[in-house]
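First comes the structure, then the notes that go with it.
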Amino acid sequence: MCGIVGIVGKSNVNQALYDALTVLQHRGQDAAGIVTSHDGRLFLRKDNGLVRDVFQQRHMQRLVGDMGIGHVRYPTAGSSSSAEAQPFYVNSPYGITLAHNGNLTNVEQLAKEIYESDLRHVNTNSDSEVLLNVFAHELAQRGKLQPTEEDVFAAVTHVHERCVGGYAVVAMITGYGIVGFRDPNGIRPIVFGQRHTDEGVEYMIASESVALDVLGFTLIRDLAPGEAVYITEDGRLFTRQCAKNPSYAPCIFEHVYLARPDSIMDGISVYKARLRMGEKLAEKILRERPQHDIDVVIPIPDTSRTAAVELANHLGVKFREGFVKNRYIGRTFIMPGQAARKKSVRQKLNAIELEFRGKNVMLVDDSIVRGTTCKQIIQMAREAGAKNVYFCSAAPAVRYPNVYGIDMPSAHELIAHGRTTEQVGELIGADWLVYQDLQDLIEAVSGSKKIKIDNFDCAVFDGKYVTGDVDEAYLNRIEQARNDASKAKSQAVSAIIDLHNN
């Protein structure tokens with residue numbers, strides 16, 4: 001879960017890239033980077049931290065050029081060292097920079113191919129750098145002094161043939177243009193749009209439509225699975241389907257948690273999808289507990305608020321804001337390390353006692369992953385005087401790891417893995433617990449309109465991985481890599497390396 005943006009403008013794009021990354025900050029809080037191009041030269045700034053901390057005035061003044069790309073990162077594969085910050089760069093051919101959202105499931109094979117066959121060196125543990133080198137190699141194979149759109153699309157076609165997984169990419173070819181492309185299953189989101197200025201038409205590619213909205217760009221559409229868009233430095237736009245057998249299977253968890261509610265993804269309003277999640281949850285509660293004694297519905301801010309409002313409406317009970325959120329604490333889901341997540345919960349939220357005292361409270365969250373956060377929140381509700389604390393999740397039980405770019409932990413760290421709803425409810429301390437049914441979630445996201453989506457990637461709920469290459473051996477390998485103990489060790493090593501380098 002990272003945020004990407006690319007802009008081909010008619011004047012300096014540094015401020016627009018900064019603003020777009022700020023809008024996409026919810027997609028990654030670990031690192032940020034911007035690279036611009038001017039007169040065939042590249043200007044790069046990237047580091048660990050939030051957008052506002054990475055880019056100071058002196059950095060912005062150096063980021064000159066009317067074309068550039070940007071990235072906000074949270075750690076998926078690899079460590080959280082500043083060496084992993086994007087965009088990445090290779091000098092051959094042409095000078096290519098790339099920013100990537102997603103995860104490659106065949107990265108080990110690709111890394112070996114790059115070294116042994118492509119004769120390229122990869123300097124980090126990031127699969128994004130691997131993807132960059134695959135794209136650069138395929139573009140170099142065209143052997144052109146000046147690449148055309150045909151060369152770019154041919155290179156993307158070969159990327160799709162070699163790379164497996166979920167990926168949305170923006171890449172800048174120095175002096176020529178910016179290309180964006182999406183994996184053949186359309187797992188990770190990417191959109192493009194335009195705005196008219198006195199100097200001419202400017203184009204933007206981004207992870208979410210909200211970045212376009214805020215900067216005054218008009219959304220043209222989402223990239224289709226396997227499709228690429230190429231915008232030349234002088235403002236000509238080309239699109240091409242580059243995958244042989246694309247299948248539309250976007251990640252449904254984008255609508256549950258990752259995306260901003262004011263985004264439109266694959267023609268679907270994230271806000272409307274979350275409203276319908278609340279409706280479906282209310283219907284399930286009324287089916288299973290028609291005599292419920294819920295006095296008040298309280299969301300766990302912020303992502304669950306939209307679903308909680310509609311849940312309360314359909315149940316005919318009060319909706320109240322029972323928790324005050326500290327806006328200066330990041331999203332706990334994407335914080336590296338369990339210790340940081342635990343520490344941040346009580347710093348992040350504080351209960352308003354009058355909304356809990358003596359009441360039967362229904363807490364609503366977007367999902368339950370590890371269970372540690374909601375367990376602490378339920379305890380906070382009891383300490384504030386709640387009579388009974390019920391809990392519902394706008395998403396089904398998360399039982400399986402994500403392998404396409406969301407850093408969901410290994411299976412044994414998922415509280416619902418191998419457990420019933422009743423067992424999870426007991427572990428988190430709820431008087432009773434309700435999960436969304438998977439089919440209800442799919443219907444909530446799909447809505448009543450007909451959309452050209454073959455199916456959704458629901459692997460974290462049902463264990464069905466749409467790329468077809470994920471087996472038990474692969475999951476065992478990522479479990480070893482993803483457990484929090486391994487991450488803590490990796491981060492400690494990275495900190496030592498960074499300290500030495502500085």
Side-chain angles (χ1 to χ4, degrees), residues 166 185-189 225 247-259 261 264-290 292 297 303-304 306-315 362 364-369 371 374 390-404 406 408 411 414-425 430 432-468 470:
N185 291 289
I187 297 172
R188 301 265 66 88
S247 174
Y248 220 153
C251 174
I252 203 166
F253 207 74
E254 290 278 356
H255 293 273
V256 171
Y257 175 82
L258 303 182
I264 305 293
M265 285 188 166
D266 298 300
I268 301 166
S269 164
V270 176
Y271 175 76
K272 286 290 188 69
R274 290 178 183 168
L275 284 176
R276 291 189 290 263
M277 290 176 207
E279 294 176 14
K280 296 289 187 181
L281 267 177
E283 291 169 2
K284 183 173 182 179
I285 291 170
L286 292 172
R287 285 196 310 270
E288 295 186 351
R289 297 179 180 271
H292 71 81
V297 170
T303 321
S304 65
T306 307
V309 167
E310 204 65 6
L311 172 71
N313 286 340
H314 276 67
L315 291 180
M362 168 59 81
V364 183
D365 207 353
D366 52 77
S367 58
I368 304 171
V369 181
C374 54
Y390 312 130
F391 203 95
C392 66
S393 166
V398 176
R399 303 186 190 278
Y400 305 93
N402 183 278
V403 300
Y404 302 127
I406 307 173
M408 285 188 176
L414 298 168
I415 193 170
H417 183 75
R419 294 189 176 99
T420 65
T421 299
E422 291 73 22
Q423 289 171 328
V424 174
W432 48 267
L433 166 67
V434 175
Y435 279 112
Q436 185 88 263
D437 290 336
L438 180 55
Q439 187 56 42
D440 283 346
L441 175 63
I442 292 171
E443 291 177 6
V445 174
S446 299
S448 57
K449 63 182 286 189
K450 294 181 179 179
I451 53 177
K452 297 177 181 179
I453 291 177
D454 300 317
N455 54 69
F456 287 96
D457 167 42
C458 303
V460 296
F461 307 125
D462 62 12
K464 298 176 182 178
Y465 296 94
V466 298
T467 52
V470 178

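Hydrogens, waters and symmetry mates play no part in the numbers below; they use all other heavy atoms, side chains included. Worth saying up front: this structure is predicted, and the values here are computed from it rather than measured.
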Derivation and outcome, side-chain contact (heavy atoms from CB on, under 4.5 Å), residues Ile406 and Val460
CA-CA 10 Å; Ile406 307 173; Val460 296; 5.8 Å; no

For residues Val403 and Thr467, determine if any side-chain heavy atom of one lies less than 4.5 Å from a side-chain heavy atom of the other.
no

To the nearest 0.5 Å, atom CH2 of Trp432 lies from atom NE2 of His292 at 7.5 Å

With a 4.5 Å cut-off on side-chain heavy atoms, are Val466 and Tyr404 touching?
yes

Side chains of Cys458 and Leu438, heavy atoms from C-beta outward: is any pair under 4.5 Å?
yes

Can you tell me how far apart CZ (Phe391) and CE (Met362) are? Round to the nearest 0.5 Å.
9.5 Å

Nearest 0.5 angstrom please: Leu315 CG to Glu283 CD, how far?
10.0 Å

Spell out, as yes or no, whether a donor-acceptor pair under 3.5 Å connects the side chain of Gln423 to the backbone of Thr420.
yes

Return all side-chain donor-acceptor pairs below 3.5 angstrom for residues 307-314, not counting sequence neighbours, or 'none' if the list is empty.
from: Asn313; atom 1: ND2; to: Val309; atom 2: O; distance (Å): 3.4
from: His314; atom 1: ND1; to: Glu310; atom 2: O; distance (Å): 3.2

Is there a side-chain contact between Ser446 and Ile453, using heavy atoms and a 4.5 Å cut-off?
no

Could you tell me whether the side chain of Tyr435 and the main chain of Ile368 form a donor-acceptor pair under 3.5 Å?
no

Heavy atoms, side chains only, cut-off 4.5 Å: are Val369 and Leu414 in contact?
yes

Less than 4.5 Å apart, any side-chain heavy atom of Met277 and any of Asp440?
no

Taking the side chain as every heavy atom from C-beta outward, state whether Tyr390 and Val434 have any atom pair closer than 4.5 Å.
no

Parallel under 30°, tilted from 30 to 60°, perpendicular over 60°: which one fits the rings of Phe461 and Phe253?
tilted

Do Gln436 and Ser393 have side chains that approach each other closer than 4.5 Å (heavy atoms only, starting at C-beta)?
no

Report yes or no: does Arg274 contribute a side-chain atom to a donor-acceptor pair with the main-chain N or O of His255 at less than 3.5 Å?
yes

Not counting sequence neighbours, which residues clear salt bridge (Lys or Arg N to Asp or Glu O under 4.0 Å) with Lys464? List them please.
none

Would you compute the distance between atom NZ of Lys272 and atom OG1 of Thr306 and round it to the nearest 0.5 angstrom?
12.0 Å

Side-chain H-bond candidate by donor/acceptor type, Asp266 with Tyr248, under 3.5 Å
yes

Could you check whether any side-chain N or O of Arg188 sits under 3.5 Å from a backbone N or O of Gly166, counting only pairs where one atom can act as donor and the other as acceptor?
no

First locate atom CD1 of Ile252, then atom CD1 of Ile187, and finally report the distance between them rounded to the nearest 0.5 Å.
13.0 Å

